[in-house]
Amino acid sequence: MTESRCQRRFFSIVAVATLLVSMVVSTPVAAQTETPRRGGVLLAVIGADPPSLDSHQESTFANIQLVAPLYSTLLQFDPFSYPKIIGDVATEWKIASDGLTYTFKIRQGIRFHDGSPLTAADVKATYDKIVFPPVGVASIRKNAYTEIRSIETPDPATLIFKLKFPSASLLANLASPWNVIYPKKYLDKDPNYFKTNVMGSGPFKFKSYTRGSTFEGERNPDYFVKDRPYLDGYKFFISPETSVRAAAIRSGRAYIEFRDLPNSEVEAIKKQLGNKVAVQETPMVGQFGIAINNTAKPFTDIRVRKALTLGFDRYTAGKVLYGITGLKIVGGLMRPGTDFALPDAELQKLPGFWKDADRSRAEAKRLLVEAGYPNGLKVTLKNRNVKLPYQDFAVFAIQEWRKIGVEVENRPLETAAWFSDGQNTGNFELIVAPTVEFADDPDQFLGRYATGSTQNWGRFSDPRVDDLFSRQARTLDPAERKKLCNEIEKLVLENAYYMPGLWWTRNVVHLTKVRNYVAPPSHYTNQKLQDVWLAED
C-alpha cells in the first residue's frame, strides 16, 4: 500500500472513530423493560483472595470482581453490548485528525468516597502510574500503552493524551476495567497505597474485607449516575472449592458466581432449582496454558520445550476437559475466530497442533533423546490452588507428558504465592499460566511476549518478537496488523517459548431474581454492578 493510500485509510479510520465516539455519553440503556426494584444485597461467591487490592498491579478475577464496583474508569465497555465503548467519567472525547491527540472531557460533580472531587488531575495521576510507573511500582500493562508520549491536564475538566504514533487500539485499551481511577493525593503520598487500601468513586463504597472469608460493599448515595445503583450493597463469600460455591448457589446462600462453574455442577443446580436459576454460557477472552521458564535448565534447550508442547494432545484435551472445566477450543495466542487469530490451517503446521497425536509423541521422544534425555526427565509444575480449571487442566497435562517419559510433580500454591513465583521471581520450572484479557486486542494479548514484560512469565527474549510487536502497535491497516500478529504467534509457538493449551468457555450461573446482568466474554468486564437489581430479597 502506498503512503498516500495508507494516509487516506488512516484518516478514514480516524474520521469514523471520531464520528462514533465524539458524542455525549449517557447511562447505558437497560437490556430489559421491567421496572427495576431498589434495595437488597447481592450475594455472590468467588474462588480466591486477591494478592493485593491494587487493580493496576494485579491480573486476577479475585481482584477485579471484588473491587470494580468501588471504582470509576475513564471509559468502559457497554455492560449490555460488548465490545461497544462508552464513557464513564469521560462525557465526550475527540481524536485529532492526525491521530496523535486524544482529548477527553471529564464529568463534573463526581466525588470520591471521602468527599473529595474527582478531576482530570486524578485521571492523569492514575494513567501516569500505569504508563510511566515510578520505581518500585509494578505496572503489568504498560506495554499496551507504548504509543502514549505524555498526559496533560490544561484544566480540571480536560484530559489530553499526546501520542508518539497513531494507534489502532488506544480507545479500547482505555476502556480497560483494570484502570480504575485513584485520587491523586493518595498516589502522591504512596504509589503503592492501593495495594492495601480502597478509595474510589464507584457505585459502591468499601464496607469490609476478611481475608479468606468475605468482601462487602455498600451503596454510594452520592454516586454520579442518577438513581444508581439499585442494590443496597454486595457481598462476596470466598472459597477455592468449586463444590462449596456450587452448594451456595443451590442453597440460595449466594445468588451468583461470576466466573465459572463446571457443567456437572451446573446440571445439578438446574435439576434442583429449575426455573429459579439461569445459566449464561459465554466464550471466554482467554485460554489456559503453561509458562516454561526459558532461563532454567533443561528448558533453555528448545528441543525440551518443543517436546513438552508436542506431548500435549490438545484435541483430546478439548473433549475430555470441556465437561468439567469449560476448556474446549484449540487455538494459538489470539482467540480463535477473531480478527487477529492465526488461521487454523496455519496453526496445524506448528509443533503441538498437529492432529496426529501419535506422530507428535514420537517426535517429542526423539527430541528428548537428542537433547540428552533418553530415559525421560522429572520436573515440577507449579499451579494455583483454584480447582476450576487450574487443577483439572494440570492433571490432564501431567498424564499426557507421562506418555513421552516426562514425570511431573503438581505443586498447587495459594494465589499470592502463585503470582509471586510466576510473575515476580521466576521461581519455577513449569507453571500453569493462563492468558486472559478484557478484550481481543493484540496489544493486550501479545505484549506479554515482549522482552522484559512483567507478564512474560517465561522470561524469554526474542528481538524478532519485540520488533513485530512494536510494528503491529504502529499499524493502522488491519490486514497488515493481522499479518504481523500472526508472525508473532508463529515465532512464539515454533520456539515453544510459551505453551498454550485450550481456550475457555464459561457458565455464569445465577438465580433468576438477579436481573439486568449480561455476562460478557471476559470475567473482568461488566463488574461494576451499578445496573444490577434483585427481583426479591
ring-ring contact (aromatic ring centres under 6.0 Å, His included) with W503: which residues, sequence neighbours excluded?
-> F445
Mind checking whether L118 and R111 have side chains closer than 4.5 Å, heavy atoms only?
->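 Side-chain contact under 4.5 Å: no.
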[atom1]-[atom2] distance between [X] and [Y], expressed to the nearest 0.5 angstrom:
X    : Y    : atom1 : atom2 : value
Q423 : E58  : CD    : CD    : 7.0 Å
L261 : N507 : CG    : CG    : 7.5 Å
R253 : L43  : CZ    : CG    : 10.5 Å

Tell me whether the centres of the aromatic rings in [X] and [Y] are closer together than 6.0 Å.
X    : Y    : answer
Y145 : F161 : no
W504 : F288 : yes
Y524 : F61  : no
F236 : F215 : no

When you check the gap from the basic side-chain N to the acidic O, do [X] and [Y] get nearer than 4.0 Å?
X    : Y    : answer
E34  : R515 : yes
R335 : E489 : no
E265 : R250 : yes

Candidates V41, V532, D531 - the one meeting side chain to side chain contact (heavy atoms under 4.5 Å, CB included) with L231 | V532
Among I46, V386, V45, side chain to side chain contact (heavy atoms under 4.5 Å, CB included) partner for R259 | V386
Within the side chain of Q391, is there an N or O that forms a donor-acceptor pair under 3.5 Å with the backbone of R384?
->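 A pair under 3.5 Å: yes.
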Expected output: side-chain S251 to main-chain A247 donor-acceptor under 3.5 Å | yes
Determine, stepwise, if the pair H56 / Y182 fulfils ring pair (Phe, Tyr, Trp, His ring centres under 6.0 Å).
-> CA-CA 10 Å; H56 298 175; Y182 295 138; 4.5 Å; yes
Can you tell me if NZ on K387 sees more than 12 non-hydrogen neighbours from other groups inside 6.0 Å?
->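 No - once you tally the heavy atoms of other residues, nucleotides and ligands closer than 6.0 Å, there are 12 at most.
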K482 atom NZ, neighbour heavy-atom count above 12 within 6.0 Å | yes
Please lay out, stage by stage, how Y449 and N456 fare under the test side-chain hydrogen bond (donor to acceptor under 3.5 Å, both in side chains).
-> CA-CA 6 Å; Y449 305 110; N456 183 346; over 6 Å; no
